[in-house]
Amino acid sequence: MRRVVAAGIVAAAVAAAVVVAVRRRGSDDGARCGPGFVAQGTRCTVPPGTCPPPLARLAYGCDAPDVRVLVPAAAVAVGPSDWEAEGRVRPRTLHVQAFRIDAFEATRGRVQSLVGDSAVPDDPARAASGIARPFAETLCGLQGGRLPTEDEWIVAAASAVNPPRRYPWGDTGAVCRRAAWGLVTGPCGEGASGPDTVGSHPDGDSPLGLHDLAGDVAEWVAGEPAAVKGGSFADALASELRIWARRELPADAVDARVGFRCVYPP
């Protein structure tokens, strides 16, 4: 009897170890980061003393470079291309003129430099968040830009391709290595309280070279009612990362899920 009990205990311990190992492997896979970045909890971080691409070494540290991508003039037809969009997308054709858009979401380092704070920023390449739309508009204006319209954001995310893809990277594959999403209650992690490092999920880049259009922080767009696009680190459903998805918020909302990027003349 003792041998049977002991064998049962050993078997249970082995089974528990296997479950823990599988969970750990799943978590690691779900938090997969781009080359040069290191997974720490729900974050993809920059190891001390390094600055992995696409980030760049700036005067105050490792941050996103000031890269602006040209989006050509386009007419893109949008509509309920899959069942998740039924009732949520009004079929229409978007007509936009050429413009340039930030390759990266605004970062903590960029915002600190725009407001004239000369102190060394903490975690400079982390996406800036908790920014109300009027402040985002002001920060874009300081750079000679503005917030994109929703139509411009969609065309940029679709890389001006007609018909547009479901996600910035393509039609399938909303997995954890492509974007910072599902990091609060899963499926890519648990317990996140803020966004990730910009540019740390290169598998989710758009063909035009735009980073983090899906996930990380939702991005303000111009127009009424006030809305954000792209989903965020907190969204647990892949459908919220779709190009057509949107979330309406008060323009003065200070929300940890929300940041911005700017557009400029071509």
Checking [X] side chain against [Y] main chain: does a donor-acceptor pair fall under 3.5 Å?
| X | Y | value |
| --- | --- | --- |
| R257 | V217 | no |
| R100 | P266 | yes |
| T138 | P134 | yes |
| D212 | G199 | yes |
| S232 | A234 | yes |
| D235 | W181 | no |
| K229 | A218 | no |
| D203 | R177 | no |
| R261 | A103 | yes |
| E152 | T149 | yes |

Begin from the C-alpha positions of Y264 and D102 and carry the test side chain to side chain contact (heavy atoms under 4.5 Å, CB included) through to its verdict. CA-CA 8 Å; Y264 313 86; D102 286 329; 2.9 Å; yes
Would you sort out whether R246 and E150 count as a side chain to side chain contact (heavy atoms under 4.5 Å, CB included), showing the intermediate values? CA-CA 9 Å; R246 70 196 304 272; E150 184 170 4; 3.0 Å; yes
I'd like to know whether D66 forms a side chain to side chain contact (heavy atoms under 4.5 Å, CB included) with F104, so could you lay out the CA-CA distance, the side-chain angles of the two residues, the decisive distance to 0.1 Å, and finally the verdict. CA-CA 8 Å; D66 184 8; F104 299 88; over 6 Å; no
Side-chain donor-acceptor pair under 3.5 Å between T107 and R126, yes or no?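 No, no side-chain donor-acceptor pair sits under 3.5 Å.
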Once rounded to the nearest 0.5 Å, what's the spacing between atom SG of C51 and atom CG of L58?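 That separation rounds to 7.0 Å.
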Mind running side chain to side chain contact (heavy atoms under 4.5 Å, CB included) on T197 and R43 for me, showing each step along the way? CA-CA 7 Å; T197 306; R43 293 280 312 283; 2.9 Å; yes
Remaining members of the apolar cluster that contains L249, side-chain heavy atoms under 4.5 Å: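 Listed partners: V111, L114, V115, I131, F135, L139, L142, L147, W220, V228, V258, F260.
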